[in-house]
Amino acid sequence: MQLKCAIIDDDSLFTQVIEHYLSSVDVIHLDGIYHNGAEALNKINFNEIDFLFLDMEMPGMDGISFLNSLAVMPPIVIVSGKKTYGVDAFEYNAIDYLHKPISNARFLKSVNKIRAHFEKSKLPQTSIQQNIFIKHEGIHLRLVVNDIYIIRANDNDVTLVANGKSYKTHLRLKDIYEMLPQDEFMQVHRSFIVQLSKIDKVDGEVIEVNGRTIPVSRTYLSELYERLRIK
Amino acid sequence: MNIKELKNYLNCDDAFLISLMQKFIDEVVEITATIKTASNKKDWQTIKTNAHKMLSSVRIFEMKEIIIVLEKLEIEAEGKKNPDVIKQDVEILLDLTEKVIRDVEIGLEEIKAVK
C-alpha cells in the first residue's frame with residue numbers, strides 16, 4: 001500500500017520535521033506542502049491524494065474554514081499547537097490528532113493509525129466490488145474475491161476454496177495470483193496462496209485458515225510475519 | 001538545550017539538526033522583527049499570528065521561558081485590551097529571543113565540535 005498525502009501548515013520548521021519523518025516511512029509519499037487553506041484549495045488535486053495533515057491555525061484561511069469549504073472531505077490528520085482542537089478532530093472524523101511538537105515516536109504511531117484506517121476502509125470495497133471468473137467444470141464461474149480463503153496447486157490443476165466450497169480450475173497458481181489483489185493475498189508455500197485476513201492462527205511454520213492447516217515455506221515466513229505484523 | 005535528547009526526540013542525524021537549528025534562528029529573527037514593527041504600529045493581529053507561529057518553533061526546542069511569554073502575548077494580542085501590557089511583553093520577548101538565539105548557536109557549535 002502506498003498512500004499520497006499533502007501537508008497544509010504555515011509553520012515551515014514543523015513541515016521540515018514532518019518531511020524528515022516521512023522520508024523513512026515507505027507507506028506514505030509526500031505530494032506537496034501548502035502554507036494556508038487558500039493555497040491548498042487552489043493547488044491540490046484532491047483526486048490524487050489520499051489524506052491531509054492539516055494545521056488548524058493558519059493566517060488567511062484556517063483549517064476549519066478550509067474543511068468547511070470542501071464539498072467532499074478527504075481523510076485528515078489534524079495538527080495543532082493547541083490542545084483545544086480535540087473536539088474538532090472528533091467532529092471531522094480525523095484519523096488522528098497531533099499536538100505540536102511531535103516526536104518521531106508519536107509520529108510513527110500516527111502512521112500506524114493512518115495505515116489501519118486505509119486498510120479498514122478497503123475491506124468492504126473488496127467484498128462488494130472485486131470478483132474473478134474461473135473456468136470450473138466447463139463453465140465460467142464468478143467468485144467474490146473476499147470469499148476466497150485458499151488457493152492450492154495440485155499436480156494438474158488448482159483448487160480454490162471459497163465460502164466453504166472447492167472449485168477446480170486449469171489455470172496455473174501464478175495466473176490466479178496475478179488476478180488477485182496482491183496486498184490481500186500472499187503465496188506462503190510453493191503450492192498455497194492464502195487470503196491474509198482469513199488467517200486464524202500462526203504456529204511457527206504452520207497457519208490455520210478457515211479450519212484448514214497450511215504449511216508455510218521458510219522462504220515466505222519472514223514476509224508473512226511482517227505482513228501480519230507479528231513481532 | 002540537550003542535543004542528545006533532541007536527536008532522540010526527532011530521530012535525526014547531526015546534519016538534519018544543524019539545518020533545523022539554522023532555520024530556527026533565521027525564522028525567529030524574522031518573526032521578532034515583525035512583532036517589533038507590529039507593536040509600534042499597534043497591529044495586534046500580526047502580533048497574535050506571529051506569536052503563535054514562533055510558539056510552534058520554540059516548542060520543538062523546549063524553551064520554557066519564552067514559551068510562557070509567547071503564550072501570554074498571543075492571548076493578550078487576541079484580547080487587544082491592554083496595549084501597555086502587550087508592549088511590555090514584546091520587550092521581554094525581544095530580550096529572551098537574544099538569549100534563545102545564543103543558546104541555539106552554542107548548541108550548533110557543540111554539534112560541529114563533536115563532528
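First the proteins, then the strands, lettered A, B, ... as listed; each starts at 1.
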ask   = Between B:D89 and B:K72, is there a side-chain N and carboxylate O pair less than 4.0 Å apart?
value = yes
query = About how many Å separate CG of B:L73 and NZ of B:K48, when rounded to the nearest 0.5 Å?
reply = 11.0 Å
inquiry  = What I want to find out is whether B:E109 reaches B:R102 closely enough, with some N-O distance under 4.0 Å, to be called a salt bridge.
reply    = no
ask   = Got a salt bridge between A:E184 and A:K198, using NZ or NE/NH1/NH2 to carboxylate O under 4.0 Å?
value = no
query = Quick one: what part of A:F107 sits under 4.5 Å from any heavy atom of chain B, side chain, backbone, both or neither?
reply = neither
task = Tell me, for B:L20 versus chain A, whether the close heavy atoms (under 4.5 Å) come from the side chain, the backbone, both or neither.
result = both
inquiry  = Please classify the contact of B:S56 with chain A as side chain, backbone, both or neither, using a heavy-atom distance under 4.5 Å.
reply    = both
request  = Pick whichever of A:S24, A:A105, A:S12 has the most heavy-atom pairs under 4.5 Å with chain B.
outcome  = A:S12
